Amino acid sequence: MPGLLEIKNLSKSFDATKVINDFSMEVVEGTLCCLVGPNGAGKTTTMDLVTGRIKPTSGTILFAGEDITAKHEHVIARAGIGRKFQVPAVLKNLTVRQNLEVAYSRQTNPFWNLFKFRKAGLKEKLDEIATLAGLSARLGEQAGILSHGETQWLEIGMVLMQEPRLLLMDEPIAGMTEGEIEKTARIFKDLRKTATLIVVEHDMGFVREIADVVTVMHMGSLLAQGTLGEIEANPRVRDVYLGEKEAA
Amino acid sequence: MDLGSLLNALILGLSIASIWLIAALGLTIIYGAAGVINMAHGEFIMLGAYSSYMLQYYFGLPYLLCVPASFVIVGAVGLALERGLIRYLYNRPLDTLLATYGVSLVLMQGVRLIFGSDPKYLAAPEIFSSNISLGFASISSFRVVILLVTALCVLGVWLLFYKTRFGVQVRAVMQNKEMAASFGINSSRVYMMTFALGAGLAGVAGSLFGVLAIVLPTMGASYVVQAFLMVVTGGGSLAGTVVASGVTGQLQSVFAFFTNDTFARFVIFVLIVVFLRFRPQGLFAQVGARR
Amino acid sequence: MSALLNFDNVTSYYGATRILKDVSFDLEDGQCLCVLGRNGVGKTTLMRTIMGLTDRSTGAIRVNGAEIGGKPPHQRAPYGIGYVPQGRGILSDFTVRENILLGTFARADKAPEIPEICLRIFPYLKDNLERRAGLLSGGQKQQLAIARALAVGPKILLLDEPTEGIQPNIVHEIGEILKMLNKELGISLILTEQHIKVARKLGDAFLMVDNGRVVARGPIAEMTDELVERHMTI
Amino acid sequence: MGNLYHNKTAQWLVYAAFFLGLAVIPGAVSDAFLLNQLATYGVYGMLALSISLCWGFGGILNLGQGIAFGLGAYGMAMTMQMQSQSESNPIPPFMLNNSLDALPWFWEPFSNTAAGLILSILVPTLFCAIFGGVMFRARVSGPFFAIMTLAMLSAFYTIILDRQPYTGGVNGITPPSPLQLAGVEIDPYSATAYWIVLGILVTATVLAKLITQSSFGLVTQAIRDDAERVRFLGYSVAGYETAIYTISGAIAAFAGCCLVMLVQYVSPAQLDVGFSLSMVIWAAIGGRLSLLGAMCGAFLIQGAQSYLGDAFLATWLLILGGFFIVVVRFLPNGLASLLESALGLLASKPKNATTAEPNGDAKPMPAE
Amino acid sequence: APLKKGEPIKVGLLFSLTGALAVPEEDSTLVLQYAFDEINKNGGVGGVPVQPVIVDAKSDFGVYSEKTKELILREKVTALFGCYTSASRKAILPTVMQRNHLLYYPTCYEGAECTQNTICTGPLANQHSQDLIPFMVEKFGKKVFFVGSNYVWPKESNKNAKVWLEKAGGELVGEEYIPLGSSEFGPVLGKIRDAKPDFIFSTVVGASDIAFHKQFKQEGFKVDSMPIASLTTGEIETRAMGAEFGAGHFLSAPYFQSLDNPTNQKFVENFLKSKYGKNGTTHYNMEETYLSAYVFKAGFEKAAAAVGFENVTPRAIRDNSGGIRIEDGVSPEGLIWIDENNFNTWLKPKIGQCQADGTFKIVKAAESHVAPDPYSIYPDSGVCTKDGLKAPDGKVRANVI
Ligand SMILES: Nc1ncnc2c1ncn2[C@@H]1O[C@H](COP(=O)(O)OP(=O)(O)OP(=O)(O)O)[C@@H](O)[C@H]1O
Ligand SMILES: Nc1ncnc2c1ncn2[C@@H]1O[C@H](COP(=O)(O)OP(=O)(O)OP(=O)(O)O)[C@@H](O)[C@H]1O
Ligand SMILES: [Mg+2]
Ligand SMILES: [Mg+2]
């Protein structure tokens, strides 16, 4: 069975530097794949490429069998890929509620939306997600004043509102307390029933908790792939990424 | 069409470019560094012309001294304006547009009330009203003066912004005021100096334009739109404005040579639109931050 | 002897909203103080209050006995405070070098050179001094932010979740570096951390914040699991 | 309880009262001049409305609204001019004086009033759709878009000025008699003319208001906040931007038509940079985030200009400039925000009595 | 508006007192106030004083249009005096015509208009160049270069000039128009340098005109070998540009401040002394405006005699204004009269040369009065008559603009 997302021989250069170098990976539907690697390995860049934020120098990206390589961001998003950014990106001048409402993007056509005043199913969904993200009490507030951790939660909430088939999570737990990390792990594991996830994280404890597969990138290329155990045993990975202490 | 006239057109293009550049230079600093959309820039130019006129007419200052003196006077006006108004608006760039539009009305009418609405005469040394001709190329000596002053100002601004600690401070404040402040930079002072400098440069431009064209309360209006086009097309950077003015000045001259002035202008406006279509961030703009 | 940094009944506001409420604590010379608490309790606000970046604060903030509470932000850093903000605050249009140089503006001696320690600790930065900082990866930016704060030549280093987004072996390294800065160079640290483990390892003392108030404090050894349970889980 | 200002029902009630007030004016006023003048203000109100929609809600600062307005106005003037030409005398006098001996092809359709009126709206709307489409697709935004509209406006201005035989140059087009609709002459000083303008204004306002309250409006606000982020939610940012820019352009085109109906005159001054700037100023002074506020801004400034301008001859511009400065300095969201904070104060009074815990006062809502 | 004996007659002064047009138009307002003061001192019009209603059109055509309506409908003035540019005149004419009102348009313009509601006291395009062109060709040579601002009046004036140029055996070596308000003459001067004309015929207006003369000299052109013959460069302009830039160039106008006759001397002296003389000079545009007040006085009195004071309407004034003469004793430029058909003015254009001190020396005056002809270059359009434009086929169309 082919993967939901297939990245084939992807390369990306900025000016002279090759940031992604002949990188391939495949994510099977219904799994949770953790993408790890040193700072600057190209994880975020890979997400940029998948979501159409930048265009690759070469290579193809297939989503559900369809080539999405040169597509626009919104087309890719509509196809069912949602993304949480590494630097949390929420709509700062809108309220938390409005943020979630906008993210509920079943109808995206501007002309249809001109005549749309109420969205079916919005209220229930919104309540559900807000509770999940712990933001129920802050729905009326402007998103710009949230603390870092709250912003992270809001953005996760927005991605969930989108109901995508594939979720790209770039460092979702940065700045969360340990309790919240556990909660996030639970949510992610739950999500796996209905969606596919790619999670970028440096927190190995979290990765251990959630990952079905771990993919390691280094200098824009695939370094290793396998279960966490296999990865942790890989000397190259320990060398460039984990360090002796963590692996021990 | 012969080569000589084309050469003349090219030389003239350089001169037009320098005029547009000196008009836009102060604006580049104010917009590029402080993010203020200064609609009163044209009136700063006008004030430059009037301060030169005033110094010359009432105090008999020689023209060549009027130019730097205008820098100081208009710079001081800019400083006062910054302290009194602009500094409250730094995090609202579009509002600066509106507020400075109000300022421009006040300055224009204020000058009219003081000096009257009739055009004023600004005298320059006799040698400036002659021309230099080399073979079949010819240019007026005053245009050479403008070119030199412009070059000098650009060089000065460049040195200040890219070679001094002050320059680093300005650019730091412009990107992130809080961070700059956290590292000991007095952003309020930096803004103030930047704004005054930009205003002062407009003053220099004014004292030059007063000799080239006319001294009137409304004279500034004709420069401000052009200056904005240059600054924004250039992406808000110094190098961008220099190149944008250079290219459009040349184009204006060459198109006017082949067709006429009005049509040349039309073409330039359209070209700017087309250009921005393909480089939506202007010339030399930095790529935005990543997410 | 008075403390290096002293908060005396500090209340801090954004607009009309009180975020920090009557916070008092001392940071002794050479100490590493960990500030802990759930999301949104006011840890970042505490840091920003020290730097003068909140809208308003009352109460006294003293560095070495000198009151800085009423001073504008740019006059605070020269007291020897280096700040690594949450979200890093890198100036994207500057090169790596210029970003580090920014730190030197707050030096007491005004020397416009990059102190060698900044580059020694972070080899990536050393090799990429002329790169535009906006293009760096998240972790690289974090390293840069620490280097920049070190360029201040600080007596106190404020670190707002400094290991966020950093690869494990460098987290470890940063831990070592902070320990080194603290123990060998005698720089005092105020550190917010979500990882109790890291806090336990580095900290000398802790400050537990909840809803803008200090709810517990003491030497790190007194930070019981029960306390953590009560104030840090949801 | 929330701020009454943000209460949708209250907003609609205020709108209804406002327009009802405007509607009864012709009954109360018999001064032909005043009626004509008020109708002209209605045109300015339409323009402020269009700016508020595009800039306030869409976040697209348009310094070239004069393009759509001017094209609409020219279309109307051409239609009216052709109404006064006859079979035997098909060419407008100014063309004859510019040695044209045949009607230019693009003037032909305007011989038919219906076609002329349709074109007057269609051409500017299409222009906005195409220009906006191309530009927003290329992701031109912020000040860059503003400057492009400015450049485009200047280009139009210059070319209309230069093509004197076809456009009348700087003198513009002066249809000698008022507009005739279905054989009836619409006296610009009559209540009929006033009603027409008011009718269009009300329709435009209601549509605009509905738009801001629809899902479209929410997405547009999101785009204003962070266009980049919204793309990843699946919305075509360019599509939304083009749509709001075009709708606002269409309103401006209607305004252009109405103006010419009222003054029987069009000239490049309608495409002057200064005029487009004043539209932005009206909206800003009144409150760009409030449609009604923006309109009132136009009424206020133009009214003051008409009635105070001559009383304070020499100092009028000083007063006006000073007023702008004060409003911008102290009321970032225009005069409408004065009402907003007043109502906000009312709403929060009882709450102040209880303890103001953190997060008590939310910042003002992003839109009305 | 029925007039009442004993109540002042209201007239509207519709000029820009602020904005770009304020430079010429402020002077127009001042001189009209002076003229009406003078008229009122000498018994007023038809025995009652004239009360000018002054408004500011703010250099904005929209305001011109609005103020026109206000003056006519609300102030109920008997006549309007206003406008300096053709564009503003066109902006208000629909209203003036619709209300069958009366506009005194007191400056030079291009003609090609035939309404029943205007009286013009300035020269038409055909009157200006008739003398100037032959004079220049004879004195400096055949080759001429036309430079003008890019709008209607310069283009029409140049069409007229071409007619006279051909008659004088001259040769047109170039024709350029620069955008209104532009102050960059580099490209045009470059073309002039290449074309090597013997003189330049200029219809550049306003601020541009000053920039033109300055840059002309700065670019090394010599006034002795290639002077500028202008229709616009009068006393205010030469003062603003500095006499050194104006000296030696020529102007054709019906009036110069230096005209040597007792009426003018009295006019200049009294005007400059009065509270309206603050701008320190008189020039052709002011004098033409001044005359319009007297044309109004004469027209009104004639109409009052014909229909009775109470029944004087704007239209009646206009219909009675044909043939009105302003005699030497009143008119600083010498006798003028209003044409009975097209209601423009018969006058004597003069050619002045700017001197080193900025004043003008009259070097030639027309021998006889020159007839105004608004359709001189469009004979096919017809002839302007009292009731409208009479086409060659005999049809008369009213309100042609
Ligand atoms: N627009 C760009 N221009 C030039 N270089 C870039 C650009 N974007 C990314 N890079 C470089 O590409 C490399 C990979 O960056 P990326 O952000 O993908 O790393 P990452 O794996 O997400 O790291 P981290 O874990 O620190 O977030 C970095 O060295 C970065 O500097
Ligand atoms: N500019 C602001 N205006 C109003 N309230 C604010 C502002 N900034 C932050 N807050 C509020 O202050 C509270 C504390 O925020 P702070 O950023 O200090 O939290 P934190 O403890 O650092 O949390 P985290 O661990 O998520 O970073 C939050 O409730 C936040 O919403
Ligand atoms: Mg990353
Ligand atoms: Mg925080």
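In what follows, chains are A, B, ... by sequence order, proteins preceding strands, each numbered from 1. Small disclaimer: the values here were computed from a predicted structure and weren't measured.
D/Arg229 contributes a side-chain N or O that, together with a main-chain N or O of A/Ala89, makes up a donor-acceptor pair within less than 3.5 Å. The closest donor-acceptor contact from the side chain of A/Gln162 to the backbone of D/Phe232 lies under 3.5 Å.
Nearest approach of D/Asp225 to A/Lys92, heavy atoms of both residues: OD2-N, 3.0 Å. Here the closest non-hydrogen pair linking D/Gly234 and A/Arg78 is O-NE, 2.8 Å. Summarising the geometry of A/Leu91 relative to D/Asp226, their closest heavy-atom pair is CD2-CB, 3.6 Å, with the distance given to 0.1 Å.
To the nearest 0.5 Å, the span separating CD on A/Glu73 from CD on D/Glu228 amounts to 6.0 Å. With values rounded to the nearest 0.5 angstrom, A/Trp112 atom CH2 is found 15.0 Å from D/Phe216 atom CZ.
Under 3.5 Å, the side chains of A/Asn113 and D/Tyr240 contain a donor-acceptor pair of N or O atoms.
In D/Arg137, the CZ atom is not crowded: 12 or fewer heavy atoms of neighbouring residues, nucleotides or ligands sit closer than 6.0 Å. Within a 6.0 Å radius of CZ in D/Phe254, other residues, nucleotides and ligands contribute 12 heavy atoms or fewer. Applying the 6.0 Å contact sphere to CD of A/Glu124 captures more than 12 heavy atoms from other residues, nucleotides or ligands. Heavy atoms of other residues, nucleotides or ligands lying less than 6.0 angstrom from NZ of A/Lys123 number 12 at most.
With a 4.5 Å cut-off on non-hydrogen atoms, D/Ile247 touches chain A through its side chain but not through its backbone. Neither the backbone nor the side chain of A/Asn99 comes within contact range of chain D; no heavy atom of the residue lies under 4.5 Å from a heavy atom of that chain.
Most heavy-atom pairs under 4.5 Å with chain D: of the set A/Ala77, A/Pro110, A/Ala79, this distinction falls to A/Pro110.
Side-chain contact check for D/Leu233 versus A/Met158: some heavy-atom pair is nearer than 4.5 Å.
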